[in-house]
Protein chains: 4
Amino acid sequence: MTKGKRGRPRCELAQEAILEATHNLLTEKGGNGVTIEAIAKQANVGRPTIYRWWPSVADIVLDVVLREADSAICVHHEAPFARNLQLFLRQSVQTLNEWGGAHLRFLMAHAQKDKEFRERFRENFTNKRRQIVHSMLLHATETGEVSPICDSDLLIDLIFGPMWYRLLTGHAPLDTHFADNLTEQLLLLVQENPACRKK
Amino acid sequence: MTKGKRGRPRCELAQEAILEATHNLLTEKGGNGVTIEAIAKQANVGRPTIYRWWPSVADIVLDVVLREADSAICVHHEAPFARNLQLFLRQSVQTLNEWGGAHLRFLMAHAQKDKEFRERFRENFTNKRRQIVHSMLLHATETGEVSPICDSDLLIDLIFGPMWYRLLTGHAPLDTHFADNLTEQLLLLVQENPACRKK
Amino acid sequence: MTKGKRGRPRCELAQEAILEATHNLLTEKGGNGVTIEAIAKQANVGRPTIYRWWPSVADIVLDVVLREADSAICVHHEAPFARNLQLFLRQSVQTLNEWGGAHLRFLMAHAQKDKEFRERFRENFTNKRRQIVHSMLLHATETGEVSPICDSDLLIDLIFGPMWYRLLTGHAPLDTHFADNLTEQLLLLVQENPACRKK
Amino acid sequence: MTKGKRGRPRCELAQEAILEATHNLLTEKGGNGVTIEAIAKQANVGRPTIYRWWPSVADIVLDVVLREADSAICVHHEAPFARNLQLFLRQSVQTLNEWGGAHLRFLMAHAQKDKEFRERFRENFTNKRRQIVHSMLLHATETGEVSPICDSDLLIDLIFGPMWYRLLTGHAPLDTHFADNLTEQLLLLVQENPACRKK
DNA sequence: CCGTAAACGAGACGGTACGTCCAGTCTTGTG
DNA sequence: CACAAGACTGGACGTACCGTCTCGTTTACGG
């Protein structure tokens with residue numbers, strides 16, 4: 001007997017509806033309104049159907065974010081590094097303000113409660129985003145735009161850390177001004193940085 | 001008619017027990033074990049007694065952290081700024097590793113779900129911590145150790161952001177090595193920083 | 001175009017497997033283990049296949065019982081009535097103890113929840129069993145072994161009622177001793193019964 | 001605040017409401033409508049409140065029946081045994097027809113699925129009812145109205161068995177005619193019964 | 001020095017959401 | 001075209017906590 005696919009194929013409409021319902025609930029009612037029950041109701045779907053494909057609400061939100069984020073990322077290596085970094089930060093900040101803020105705050109909150117999800121989140125989102133920046137840095141090093149990086153991990157922390165920090169605490173706005181100032185400071189560290197050069 | 005105080009004075013032992021029980025639950029069972037119910041049981045206290053003094057679990061945790069943090073902060077302005085910054089980061093990192101990690105992760109997670117608590121958290125913890133650094137910077141500016149700061153808010157974000165980021169995502173360790181490297185980079189920004197100087 | 005048979009011929013093995021699986025589940029796991037899902041899995045059969053032939057689990061169990069019961073019934077009219085009655089009760093009691101108890105308890109329980117099944121159950125099982133006794137009584141009346149029966153329905157209730165009662169409540173064992181004692185009492189009612197004679 | 005008393009004193013009111021709601025649901029919608037969820041809704045009660053006091057729906061129904069049954073039992077030992085027996089059967093039959101049928105069918109059905117409940121049911125209902133009859137028989141034996149009973153258990157089975165049997169299968173009506181006929185047959189067994197006398 | 005009023009433990013209350021089981025239907029690919 | 005496999009909607013389950021609300025019972029001030 002061929003092991004192949006038997007049985008009713010999984011209904012993609014259902015998954016689509018679940019993701020969309022989750023997205024809508026997040027943007028409309030914020031993180032507290034995102035419940036398995038509410039999603040199921042909004043998507044006209046049975047609760048067990050949700051559990052068949054996702055282990056928790058947070059994983060659905062993660063899928064929503066990944067799907068949107070994939071289409072949003074655009075880095076042109078041909079452009080100068082300084083411009084690229086500015087663009088990346090501006091885009092990130094803009095996304096957080098437009099729709100992604102509630103999503104990411106929800107994800108990070110859940111990641112603190114569920115150790116296994118924290119790893120999935122890190123693997124599928126955080127590290128992916130870091131790698132984008134890492135490759136940007138590598139490319140800029142080759143072209144000589146930036147000094148050789150001593151501890152690129154720390155540098156990347158300096159890029160994402162402040163954004164997350166502002167997003168989560170809300171002590172100051174996440175605007176273009178912030179993105180540009182951050183860009184400026186980071187460029188200072190990266191260009192003519194004696195601490196890096198010597199290593 | 002002197003109204004004065006009638007009735008039984010509030011039992012401070014109860015509050016003490018609640019704070020201690022919360023602390024123990026957090027360190028032993030992690031964030032998920034900290035529920036009003038568990039705290040009440042552990043502290044041998046009725047649940048309403050808790051609600052009488054704190055509006056939510058997170059506020060108890062916040063009190064636990066504030067009490068511990070107050071005793072942990074020690075900044076000596078007489079020391080050189082570079083040394084002070086290093087000390088501050090090392091102490092912060094050490095605290096997060098020893099006991100404070102679970103606490104702060106719990107607080108930040110709850111701050112995402114409860115808007116009003118987010119403000120209390122920001123007011124009583126985040127901003128307090130920022131002010132310490134801010135005054136350090138001001139003092140160092142006066143002594144000429146660091147260049148005049150154009151956007152001290154951003155600079156402070158660059159200090160706390162990476163720490164929170166590592167704490168919450170867990171993608172890399174929060175160790176002395178990290179604290180020292182971060183110190184080094186921050187000092188570069190602060191000393192002879194043309195971007196700041198010119199403004 | 002010859003009509004002939006198109007498509008896959010229906011598999012009688014499947015129905016066999018379903019009945020056997022149901023029987024096994026009942027005897028092994030008791031009434032709670034008998035679900036459409038479990039039967040389908042045990043019989044290596046799709047659930048819709050079951051629904052094609054039976055409207056509910058109880059109907060499958062009824063079929064299992066009917067099939068077994070048909071082969072178990074053996075009444076010899078030539079024997080004296082007293083002996084026949086004793087044999088019938090002993091056999092019934094023995095069947096309930098050996099395998100049929102779980103089956104009949106399951107059937108009776110379901111009959112209380114599903115009105116339509118209750119009628120099918122009564123028609124195909126209860127009444128069939130009553131008729132066997134009824135014909136026994138009729139034959140015995142003709143031979144003069146028993147007095148003419150005034151209300152044979154009640155008499156038959158007195159035969160089956162106690163058995164069901166013990167089976168369902170479990171307050172006392174269903175053993176040979178019980179069967180013999182019941183036989184004895186019933187014979188008293190049936191032989192030289194003034195209440196019946198006079199009518 | 002006049003909406004109703006909340007808090008602890010509602011305790012008894014809640015249980016009252018639960019029992020009444022269960023009773024109403026049973027009589028109106030039959031056994032299938034009796035769900036923990038439906039009861040909770042009908043009684044304006046949280047589901048956990050129900051679980052705090054009863055382990056299952058069947059136990060609630062059992063309480064409903066016990067409460068009603070206690071008030072319905074009336075046996076006058078001064079009356080002659082024959083009259084007493086007739087009264088008992090007539091009352092039992094009447095109760096089953098008026099309201100108790102659905103309740104008892106539900107109880108017996110659940111007793112088949114839940115072994116532990118079966119014991120509670122037997123202990124608190126079945127055996128209680130049997131003891132009433134048992135004491136009636138004992139008293140009648142002392143006064144000489146009935147022959148010494150050889151196997152009173154069996155005799156009691158002959159009283160309750162047919163009633164349950166008719167109730168559960170529904171093959172014949174549970175009316176006064178039935179009660180009187182059953183009384184008549186039982187009296188025959190009990191008076192001048194050689195099978196008993198000789199033992 | 002005793003009455004009284006606040007704070008206490010205990011825990012029941014109405015609820016919300018959870019994650020699971022199973023029912024019964026529908027859809028597909030295989031033989 | 002009957003079948004297995006299995007995904008679908010949906011209803012009820014029993015559990016964990018929530019935040020609110022009495023219950024008596026301390027307990028230390030104020031009359």
Side-chain angles (χ1 to χ4, degrees), chain A residues 1-15 32 34-41 43-53 55-57, chain B residues 1-15 32 35-38 40-41 43-53 55-57, chain C residues 5-14 35-38 40-41 43-53 55-57, chain D residues 1 3-15 34-41 43-53 55-57:
Chain A
M1 187 184 282
T2 52
K3 204 53 180 286
K5 279 199 178 181
R6 302 198 51 177
R8 178 177 176 174
R10 102 188 209 184
C11 176
E12 272 130 35
L13 288 179
Q15 260 101 269
N32 286 325
V34 189
T35 302
I36 292 278
E37 214 160 351
I39 295 172
K41 193 178 173 185
N44 271 329
V45 145
R47 240 180 317 156
T49 301
I50 298 181
Y51 283 109
R52 210 192 318 273
W53 304 110
S56 78
V57 217
Chain B
M1 184 189 279
T2 54
K3 193 64 180 292
K5 281 194 178 183
R6 303 268 324 243
R8 176 179 179 177
R10 79 195 212 189
C11 177
E12 272 129 35
L13 288 179
Q15 260 102 272
N32 287 325
T35 54
I36 294 279
E37 213 161 353
K41 191 179 175 186
N44 271 329
V45 144
R47 249 182 308 157
T49 302
I50 298 180
Y51 283 109
R52 207 183 324 259
W53 305 108
S56 78
V57 218
Chain C
K5 285 192 179 180
R6 299 275 312 261
R8 181 175 177 174
R10 76 193 207 192
C11 178
E12 272 129 35
L13 290 178
T35 54
I36 293 279
E37 214 161 354
K41 190 178 174 186
N44 270 331
V45 144
R47 252 183 301 160
T49 304
I50 298 181
Y51 283 110
R52 211 188 319 269
W53 303 107
S56 79
V57 216
Chain D
M1 263 321 192
K3 196 55 183 287
K5 291 158 192 168
R6 284 195 285 177
R8 196 168 175 177
R10 184 66 174 272
C11 175
E12 276 154 24
L13 289 179
Q15 300 180 54
V34 189
T35 301
I36 293 277
E37 213 159 351
I39 295 172
K41 192 178 173 185
N44 271 331
V45 144
R47 243 182 312 157
T49 301
I50 298 181
Y51 284 109
R52 211 190 317 272
W53 303 108
S56 77
V57 216

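Proteins get letters first, then strands, A, B, ... in listed order; numbering begins at 1 in each.
Spacing between atom CD1 of B/Ile50 and atom C1' of F/dC18 amounts to 12 Å, rounded to whole angstrom units. Atoms CG (B/Leu13) and C1' (E/dG9) sit 14 Å apart, rounded to a whole Å. Per the geometry, CD belonging to D/Glu12 stands 15 Å off C1' belonging to E/dG11, to the nearest Å. For the pair A/Glu37 CD and E/dG15 C1', the interatomic distance rounds to 12 Å; values are reported in whole Å. In this structure, OH of B/Tyr51 is placed 17 Å from P of F/dT22, rounded to the nearest angstrom. Distance A/Gln15 CD to F/dT9 C1': 14 Å, rounded to the nearest Å.
Distances from the side chain of C/Arg47 to the nucleotides E/dC18, E/dG24, F/dT9 place E/dG24 closest. The nucleotide whose nearest atom lies closest to any side-chain atom of A/Arg52 is, among F/dG19, F/dT9, F/dA5, F/dT9. If you check F/dA7, E/dC8, E/dA10 against the side chain of A/Trp53, the one that comes closest is F/dA7. Listed nucleotides: E/dC18, F/dT9, F/dC18. Nearest to the side chain of A/Val45: F/dT9. Closest to the side chain of D/Val57, from the set F/dC17, F/dC13, E/dA23, is F/dC13.
Shown here are the side-chain hydrogen bond (donor to acceptor under 3.5 Å, both in side chains) partners of C/Thr49, two or more places apart in sequence or in another chain: there are none. A search for side chain to side chain contact (heavy atoms under 4.5 Å, CB included) contacts involving A/Tyr51 returns A/Ile36, A/Arg47, not counting sequence neighbours.
Here A/Thr49 lies in heavy-atom contact (under 4.0 Å) with a base.
In terms of position on DNA chain F, the residue among D/Pro48 and A/Ala14 whose nearest nucleotide sits closer to the 5' end is A/Ala14. Residue order along DNA chain F, read from the 5' end via each residue's closest nucleotide, puts A/Ala43 first among B/Ile36 and A/Ala43. Comparing D/Gly46 and A/Pro55 along DNA chain E, the residue whose closest nucleotide (by nearest heavy atom) sits nearer the 5' end is D/Gly46.
Using a 4.5 Å heavy-atom cutoff, the side chains of D/Ile39 and D/Val34 are in contact.
The closest donor-acceptor contact from the side chain of B/Thr35 to the backbone of B/Ala38 lies under 3.5 Å.
Listed here is the closest heavy atom pair of C/Ala14 and C/Val45: CB-CG2, 4.2 Å.
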